[in-house]
Amino acid sequence: MSGGIGPRRRGRELVFRLIYQADLTHDGIAALWQAAKGDERLPEEAREYVEALVGVLEAGLPDLDRRIEGALERWNLARLAVTDRSVLRLATAEFAHLPGTPARVILDEAITIARKYGREESGKLVNGVLDRLARELRPGELEEAPGRRDAAGEGA
């Protein structure tokens, strides 16, 4: 593993960048992936994960956006920073369509990406929204973590 991060993290960060670019350029995520995939040196596990996420995002972005809108409080998706919107789309796609990864892992990875690429408050916003989405899309998975239930309504 190059750079000390796992293959799925590398895949997630790549998909995050594709979503971000697609949001700014209005190109399709799949088209951007096709253009970039020859230059990306990813382990097979990361490449397969990218392919799966790109497929979900390309086919289901309007539905994912509706789910995110429903979890936002006093905000709408268009008003969010592109970085925050991109992280939320990535994690929502994983919650909704890739059940093999635990909700806690998806949430933690999304917060890490939001903090790395976003604004100071991005981690808190992403945590609050995704906590609500995880409870809707993956009922019961987050309850296993002590203390999370009480803080779920706070944040974003």
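What's counted below: heavy atoms across the whole structure, side chains too, no hydrogens, waters or symmetry copies. A quick note: this is a predicted structure, and the numbers were derived from the prediction, not measured.
Residue pairs meeting the ring-ring contact (aromatic ring centres under 6.0 Å, His included) criterion with at least one partner in residues 26-67, sequence neighbours excluded, do not occur; the list is empty.
For the pair Arg115 and Thr112, the minimum side-chain heavy-atom distance is 4.5 Å or more. Side-chain contact between Ile111 and Lys124 is absent, with no heavy-atom pair separated by less than 4.5 Å. Between Arg17 and Leu14, the closest side-chain pair of non-hydrogen atoms falls below 4.5 Å. Between Thr92 and Leu130 the shortest side-chain heavy-atom distance falls below 4.5 Å. Residues Arg132 and Glu73 are in side-chain contact: their nearest non-hydrogen atoms beyond the backbone lie under 4.5 Å apart. A heavy-atom distance below 4.5 Å is not found between the side chains of Val87 and Thr83.
Ile106 and Leu98 fall within a single hydrophobic cluster, where Ile, Leu, Val, Met, Phe, Trp and Tyr are joined by side-chain heavy atoms under 4.5 Å apart, directly or via other members.
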Fill in: Full working for salt bridge (Lys or Arg N to Asp or Glu O under 4.0 Å) between Glu109 and Arg9
CA-CA 7 Å; Glu109 291 276 315; Arg9 164 83 58 88; 2.6 Å; yes
Discussion item. Let's go through Glu51 and Lys37 carefully: what are the C-alpha distance in whole Å and the side-chain angles of both, what is the deciding distance for salt bridge (Lys or Arg N to Asp or Glu O under 4.0 Å) to 0.1 Å, and is it a yes or a no?
Written reply: CA-CA 10 Å; Glu51 293 281 348; Lys37 83 163 51 170; 2.9 Å; yes
Worksheet item: Does the side-chain contact (heavy atoms from CB on, under 4.5 Å) test come out yes or no for Leu125 and Leu80, once each step is laid out?
Response: CA-CA 10 Å; Leu125 172 97; Leu80 294 179; 4.0 Å; yes
Worksheet item: After noting the C-alpha distance and the side-chain angles of Glu94 and Arg12, does the key distance pass the salt bridge (Lys or Arg N to Asp or Glu O under 4.0 Å) rule?
Response: CA-CA 10 Å; Glu94 286 190 273; Arg12 280 185 189 96; 3.0 Å; yes
Fill in: Pair Glu136-Arg67, side-chain contact (heavy atoms from CB on, under 4.5 Å): steps then yes or no
CA-CA 9 Å; Glu136 172 192 327; Arg67 290 179 184 276; 3.2 Å; yes
Worksheet item: When you look at Val15 and Ile29, which way does the side-chain contact (heavy atoms from CB on, under 4.5 Å) test go after all the steps?
Response: CA-CA 9 Å; Val15 173; Ile29 296 167; 5.6 Å; no
Item to complete: With side-chain contact (heavy atoms from CB on, under 4.5 Å) as the test, would you mind laying out the steps for His97 and Leu64 before giving the verdict?
Response: CA-CA 10 Å; His97 298 282; Leu64 296 171; 4.2 Å; yes
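Under 4.0 Å is where a charged nitrogen must lie from a carboxylate oxygen, and between Asp65 and Arg85 no such pair does. Electrostatic pairing of Arg10 and Glu40 does not count as a salt bridge here, judged by no charged N lying under 4.0 Å from a carboxylate O.
In terms of the side chain to side chain donor-acceptor pair (under 3.5 Å) criterion, residue partners of Tyr117 (sequence neighbours excluded) are, by chain and number, Glu13.
A distance-only check finds no donor-acceptor pair linking the side chain of Glu69 to the backbone of Asn76 [under 3.5 Å].
In summary, the side chains of Thr101 and Arg8 do present a donor paired with an acceptor at a separation below 3.5 Å, with no hydrogens or angles considered.
Arg138 CZ to Leu107 CG: the interatomic distance, rounded to the nearest 0.5 Å, is 11.0 Å.
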